[in-house]
Amino acid sequence: MVTTTPPATAVAAAPTGAAGAAYRDLLALDRPCYVLRDSGGRVRTSGDQSEVAQVVAAGGQVLAATGPRPATALGDPAFRAAHGVRYAYMAGAMANGIASAPMVAALARAGFLASFGAAGVLPARVDEALAAIVRDAAGAPFACNLIHSPSESAMEAATVDACLRHGVTTLEASAFVEPTAQLVRYRLAGLHRGRDGRVEIGHRVIGKVSRAEVAERFLRPAPADLVRGLLAAGDVTPEQAELAATVPLADDITAEADSGGHTDRRPLVVLLPELLALAERIRREQGRPSAVRVGAAGGIGTPAAAAAAFALGAAYVVTGSVNQSTVEADQSDTTKRMLAATGVADTAMTPSADMFELGVEVQVLRRGTLFPGRARQLYELYRAYDGLDALPADVRDTLEKRVFRRTLDDVWADCVEFFTRRDPDQITRAADDPRRRMALVFRWYLGRSSGWSIAGDPDRAADYQVWCGPAMGAFNAWVAGTYLAEVGNRHVAEVAGHLMVGAAFHERVAALRAAGVRLPSSATTYIPVVPSQ
């Protein structure tokens with residue numbers, strides 16, 4: 001059932017000859033790259049200004065040029081400064097701790113922003129993970145994910161409490177439709193007025209959005225009613241409540257296009273310009289000196305994709321799916337090999353565990369697993385029947401034998417035990433509501449399926465839920481034949497470095513193309529090599 005061997009491909013190699021020389025000149029990102037035509041009509045590249053002068057003196061000419069462009073110069077410098085990172089690059093959170101503490105710490109030490117995948121993780125484990133990151137990140141900044149959990153508000157509160165305890169300076173807010181009290185509490189708890197009278201923001205928020213109406217809520221100040229409620233409860237100070245109206249809810253918003261997990265699957269070329277225009281409109285309306293920064297996520301799996309996002313105006317880029325197959329991801333080796341064999345068309349949409357009742361979907365891997373079809377069947381049954389007792393006998397029998405592999409009564413007992421520790425209100429609300437009880441039982445399968453994938457449970461391989469977008473397939477195609485084709489070589493900071501160096505490389509290629517220069521195709525595709533080479 002599970003395919004674990006990547007397809008055979010030709011070995012990638014750096015170009016040779018004139019194309020190789022052009023490739024090396026383009027890859028020397030700290031030097032300009034000139035395209036020259038010498039007096040004999042031969043066209044070549046050079047990064048040596050003395051050679052350029054000699055060619056011109058001998059009757060040749062400079063056809064085009066592109067300046068130095070190190071990877072650290074990509075994106076908005078204000079993003080790098082605000083978050084204390086070297087690169088305008090973020091590794092977004094992957095739930096259930098797949099974006100692990102070792103992953104976040106490794107990226108932080110290398111100068112990248114990374115977000116711990118706190119969604120679905122019990123509070124005690126979130127606390128342990130944040131403590132480990134603080135210990136291992138060598139003082140470098142990092143983020144923690146806060147996912148909107150409309151049916152589990154206690155989890156939001158616990159995550160915010162942990163972030164405040166451990167001094168986490170950035171929160172990545174995902175799946176929010178409306179701001180919640182806990183999100184606003186985190187934002188306001190970092191506000192104070194400096195000695196010069198200006199508002200200082202100690203807690204940064206990055207809102208992950210895929211719709212303009214949701215983005216607008218992050219671009220404006222926190223809702224006044226939530227601020228008043230927090231003040232009345234003593235969760236913020238009078239000064240913080242006063243300053244709330246002077247700053248937007250978020251410092252950055254991430255335009256989430258066709259990504260893994262929660263996604264509206266909107267094209268980035270449509271979504272990103274829309275949100276950039278919205279951010280600028282609200283900036284003008286509010287009279288602010290600068291707009292909330294807008295980054296790009298979804299489909300960022302190759303240097304060319306990252307370069308395209310920057311060309312569209314992204315302040316930073318966010319990766320997700322590609323990090324799931326890296327060494328530091330808290331994902332099983334079996335699943336990592338599945339991901340390494342993924343193509344761009346090997347994903348599907350399926351009901352989500354955390355917003356099951358609302359019909360919200362997530363994008364998952366469909367190759368090698370039966371999970372997408374089984375999850376959709378459960379949602380259809382939820383819509384069709386009023387409770388577990390209303391299920392036809394043959395349907396219930398099939399679910400128990402093939403999907404749950406346990407009686408539904410046993411599954412409900414597990415749900416009671418689980419939510420008693422995590423969010424007891426869930427059980428209270430389901431006591432007299434058969435349909436809600438059915439939803440919790442069905443969510444048991446949806447929730448456990450990602451756990452089976454993370455653990456690499458061989459007995460449940462057909463039920464693995466693996467959040468994944470088409471960027472994973474694009475990444476695999478790009479690294480085919482290189483050292484990154486092997487899962488064991490995919491260290492997350494190296495992947496991030498290659499994506500950013502490659503993006504700077506492709507940006508220089510695009511600049512020369514815009515000037516009318518056409519270089520050999522073999523010279524215009526960045527090839528990742530082992531860093532020591």
Side-chain angles (χ1 to χ4, degrees), residues 1 94-96 119-120 147-152 155 174-177 210-211 256 258-266 346-416 418-419 422-423 426-427 429-430 433-454 460-469:
M1 176 61 64
M94 293 176 286
N96 287 353
I147 192 167
H148 178 39
S149 303
S151 59
E152 297 179 81
M155 293 296 289
S174 57
F176 282 82
V177 177
S210 56
R211 300 188 182 195
E256 185 179 21
D258 194 4
S259 63
H262 287 284
T263 177
D264 280 345
R265 304 185 79 180
R266 294 183 64 191
D346 290 338
T347 61
M349 298 300 293
T350 193
S352 69
D354 54 344
M355 299 186 189
F356 178 79
E357 297 94 319
L358 301 177
V360 175
E361 294 187 319
V362 291
Q363 188 163 204
V364 300
L365 186 65
R366 66 177 176 84
R367 181 178 183 177
T369 173
L370 298 177
F371 171 80
R374 288 177 170 176
R376 184 158 297 283
Q377 178 194 21
L378 292 179
Y379 184 68
E380 291 170 353
L381 292 173
Y382 170 75
R383 295 189 61 188
Y385 296 97
D386 293 329
L388 296 174
D389 293 338
L391 294 173
D394 61 330
V395 171
R396 182 169 183 141
D397 183 65
T398 298
L399 290 179
E400 291 181 336
K401 290 180 178 177
R402 296 185 181 178
V403 179
F404 291 88
R405 299 193 193 178
R406 303 179 62 187
T407 68
L408 297 186
D409 290 338
D410 283 347
V411 173
W412 171 244
D414 268 6
C415 291
V416 171
F418 175 78
F419 283 110
R422 175 168 170 153
D423 189 359
Q426 294 283 330
I427 303 302
R429 292 160 61 192
D433 188 342
R435 201 156 181 268
R436 183 165 187 80
R437 180 174 171 176
M438 176 169 62
L440 292 180
V441 167
F442 288 175
R443 284 170 57 189
W444 176 94
Y445 171 78
L446 299 178
R448 292 294 297 273
S449 58
S450 61
W452 294 324
S453 167
I454 292 170
R460 300 307 300 254
D463 296 292
Y464 286 2
Q465 178 181 186
V466 184
W467 300 301
C468 182

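Note that these values count all heavy atoms, side chains included, but never hydrogens, waters or copies made by symmetry.
Taking the charged nitrogens against the carboxylate oxygens, R374 and D463 do have a contact shorter than 4.0 Å, which makes a salt bridge. Between E256 and R266 there is no salt bridge, since none of the side-chain N atoms of the basic residue sits less than 4.0 Å from a carboxylate O of the acidic one.
Counting heavy atoms from C-beta on, the side chains of S450 and W467 come closer than 4.5 Å. Looking at heavy atoms from C-beta onward, M438 lies out of side-chain contact with L381 at the 4.5 angstrom threshold. A heavy-atom distance below 4.5 Å is found between the side chains of L440 and R443. Contact check for L408 versus E400: side-chain heavy atoms found under the 4.5 Å cut-off.
Annotation: side chain to side chain donor-acceptor pair (under 3.5 Å) contacts of R448 (sequence neighbours excluded): none. Residues passing the side chain to side chain contact (heavy atoms under 4.5 Å, CB included) test with M155 are P123, E152, R422, sequence neighbours excluded. Looking at residues two or more places apart in sequence or on another chain, you find no ring-ring contact (aromatic ring centres under 6.0 Å, His included) involving F442. The salt bridge (charged side-chain N to carboxylate O under 4.0 Å, His left out) search around E380 returns none, not counting sequence neighbours. Applying the side chain to side chain donor-acceptor pair (under 3.5 Å) criterion to S210, with sequence neighbours excluded, gives D264. Listed by chain and number, the residues in a side chain to side chain contact (heavy atoms under 4.5 Å, CB included) with A375 are T350, P351, F371, L446 (sequence neighbours excluded). For R406, the side chain to side chain contact (heavy atoms under 4.5 Å, CB included) test picks out D410, V411, D414, W444, with sequence neighbours left out. For R366, there are no side chain to side chain donor-acceptor pair (under 3.5 Å) partners, not counting sequence neighbours. For R437, there are no salt bridge (charged side-chain N to carboxylate O under 4.0 Å, His left out) partners two or more places apart in sequence or in a different chain. D433 meets the side chain to side chain donor-acceptor pair (under 3.5 Å) test with no other residue; sequence neighbours excluded. Listed by chain and residue number, W412, T420, I427 satisfy the side chain to side chain contact (heavy atoms under 4.5 Å, CB included) test with V416 (two or more places apart in sequence, or in another chain).
Nearest approach of M349 to T263, heavy atoms of both residues: CE-O, 3.9 Å. Shown here for V177 and H148, the closest heavy-atom pair between the two residues is N-CD2, 4.3 Å. Of all heavy-atom pairs spanning A348 and P372, the tightest one is CB-CB, 4.4 Å.
Taking the six-membered ring for Trp and thresholds of 30 and 60 degrees, Y379 and F356 have ring planes more than 60 degrees apart, a perpendicular arrangement.
Note that OG of S453 is 13.0 Å distant from CZ of R460, once rounded to the nearest 0.5 Å. The distance from the CZ atom of F404 to the CG atom of L399 is 6.0 Å, given to the nearest 0.5 Å. The CZ atom of R376 sits 11.0 Å away from the CG atom of L378 when rounded to the nearest 0.5 Å. Rounded to the nearest 0.5 angstrom, S352 OG and E361 CD are separated by 8.5 Å.
Counted by atom type alone, T347 and Q363 present one or more donor-acceptor pairs between their side chains at under 3.5 Å.
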Validation: residues 382-393 side-chain donor-acceptor distances under 3.5 Å, sequence neighbours left out:
unit_1 : atom_1 : unit_2 : atom_2 : d
Y382   : OH     : R435   : NH1    : 3.3

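Counting non-hydrogen atoms of other residues, nucleotides and ligands closer than 6.0 Å to CZ of R402 gives a total of 12 or fewer.
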